[in-house]
Amino acid sequence: MKFQGPRGADDVLPNAIPVWRHIEDTWRRLVTQYGYLEVRPPMFESYDLFVRSSGETSDIVSKEMYDFTDKGGRHMALRPELTASVVRAYLEHSLGAAGGPVRLWYCGPIFRYGRPGKGRYRQFHQVGLEVLGSPSPAADAEVMEVAYRFYTALGLRRAKLLVNNIGRFDARERFGEAVLAHVAAWLADQTEEDRARAHKNPMRLLDSKDADLQALLKDGPRIADCLGDESRAHGEAVLERLAEAGVPFEVDPGIVRGLDYYTDTVFEVAAEGLGTSLSLCGGGRYDTLVSELGGQPTPAVGVAPGLERAILAMELEGVEVPNPALDAYLVAATEGARATIGELAGEVRAAGFACLRDLDGKSLKAQFKQADRSGARLALIVGDDELAAGTVTVRDLATGEQGSVPRSEAVARLKGL
RNA sequence: GCGGUUAUAGCUCAGUCGGUUAGAGCGCCAGAUUGUGAUUCUGGAGGUCACGGGUUCAAUUCCCGUUAGCCGCCCCA
């Protein structure tokens, strides 16, 4: 094999397309019901946009950016997330000028230069939405509700909404120091690299997989105790709104997002998989990001579900997605019928149905084999007998039942399915 | 980015203690079946044994490197 596709970027082949379309259609239908409008930002942006939004110390910026210099000498990056692009577009085109919270959704490829593995890709796909301009806890709850309903609509029964409140900057500072103090003895035994990481962002210690550390943190400081009054009130109100909406959730103090821009609400939906739970989407409130990118202070909240993760979760739970069937396969039983089959194909398509026919002069048996493989519901057969009688033989490929209908009624037979 | 592991037909995998033409099952093509997709039988096509280098009389096999997949870590969707 001469060429291989780029590392960590999968080809989505025809047999996987029905699942992808089902997921994308489910999302589109859902967000449309909630009144969100679609935006399609470019796939690359100025490198600095992401440094400004995600934070210089975040892993995404410090080691996972797919960046390059273009022919004009500009430092660009393939987008590692879409929130920054959406906020940039919102500001650049003054989408907030019309007033009211602005609800936007998107869908597309995302790029992160990490080491690929199962469920982790360098090019992957996200759908997502952002509510810009509402400080209300109801906005946080709405975003979580849409995210949760997305997974239930896909047929996932073991998707769990996990919510946390990480407060504002000063609360996190206080909490971080308290955590570092609490685990100081444990940390002294770790590698230099681990220590540096812990000091850079102590919050990350919370979702560590280390059993000793988790045990130690069980009776450690709690973020809830460090929150300011406004954060605490906001967080409680968010949970009330969620409960009112009938969305099941769990408060999980271990939910810590990797992006620096979150304020107060952070959440994810996780699938109970084999072994460690699988993170299906991440989101939260980011009240300081818009002003950070040069706009008027604008409170906002959003979420971004990963599509490859959704597919993985569906596979784990055995969720089936129906394949759209081809309507008919047209079979020429004799050489003399090929021209008529061509005409019939035109009529079938003109009536809005999908059909296939043999191009290569294959035998009757081979044509039936292809008809079977194509997934077509019906075979429309024409040979010398049918030509003489002005009929078409209609065969149900699933049951094997067949009968003769006048040529003029053949296309009508497809409508009954 | 770090550690481990794997790579033989379209797919799942045997195999070669280094030695003539590298195998199986499934799939594919054709025939048995001159107007019918299951099954059965018969025949056939399909491989630079991931790529590059080294050792050797000889490498798909041993060694090194590269690439890609998988597992763990980091991190996340």
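Here is the naming used below: chain letters follow the sequence lines, and residue numbers restart at 1 for every chain. Source: prediction; values computed, not measured.
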**Student:** What's the closest nucleotide to the side chain of A/Lys362 if the choices are B/A30, B/G35, B/G37?
**Tutor:** B/A30
**Student:** Taking atom types as they are modelled, is there a donor-acceptor pair under 3.5 Å from the base of B/U36 to the side chain of A/Gln402?
**Tutor:** yes
**Student:** When we call it a touch if two heavy atoms are under 4.0 Å apart, what does A/Glu335 touch: a base, just sugar-phosphate, or nothing?
**Tutor:** nothing
**Student:** Mind checking if A/Leu280 touches a base, just sugar-phosphate, or nothing, with heavy atoms under 4.0 Å?
**Tutor:**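 The residue A/Leu280 makes sugar-phosphate contact but no base contact.
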**Student:** What does A/Arg395 touch in the nucleic acid at a heavy-atom separation under 4.0 angstrom: a base, only the sugar-phosphate, or nothing?
**Tutor:** base
**Student:** Please indicate yes or no: is the ring centre of A/Tyr121 less than 5.5 Å from the centre of the six-membered base ring of B/A77, with the two planes inclined by under 30 degrees?
**Tutor:** no
**Student:** Please tell me which of the listed nucleotides, B/G4, B/C75, B/G35, lies nearest to the side chain of A/Ile381?
**Tutor:**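 The answer is B/G35, which lies nearest to the side chain.
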**Student:** Side chain of A/Asp372 only, please: which of B/A30, B/C76, B/G37 is the nearest?
**Tutor:** B/G37
**Student:** Counting any heavy atom closer than 4.0 Å, what does A/Gly383 reach on the DNA or RNA strands: base, sugar-phosphate only, or nothing?
**Tutor:**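 Here A/Gly383 touches the bases of the nucleic acid.
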**Student:** Under 4.0 Å, counting only non-hydrogen atoms across every strand here, what does A/Tyr329 touch: a base, just sugar-phosphate, or nothing?
**Tutor:**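 It contacts nothing in the nucleic acid.
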**Student:** Salt bridge or not between A/Glu343 and A/Arg407? Use side-chain N to carboxylate O under 4.0 Å.
**Tutor:**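 Salt bridge present between A/Glu343 and A/Arg407.
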**Student:** Just to be sure I understand the rule, does A/Gln126 reach a base, reach only the sugar-phosphate, or reach nothing, if contact means heavy atoms closer than 4.0 Å?
**Tutor:**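 Sugar-phosphate, no base atom in range.
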**Student:** In terms of the nearest nucleotide of RNA chain B, which residue is placed more toward the 5' end: A/Asp384 or A/Ser363?
**Tutor:** A/Ser363
**Student:** Is A/Arg285 paired with A/Asp264 through a side-chain N to carboxylate O contact shorter than 4.0 Å?
**Tutor:**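 Between A/Arg285 and A/Asp264 there is no salt bridge, as every charged N stays at least 4.0 Å from the carboxylate O atoms.
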**Student:** Nearest to the side chain of A/Lys369 - B/G37, B/U36, B/A68?
**Tutor:**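 That would be B/G37.
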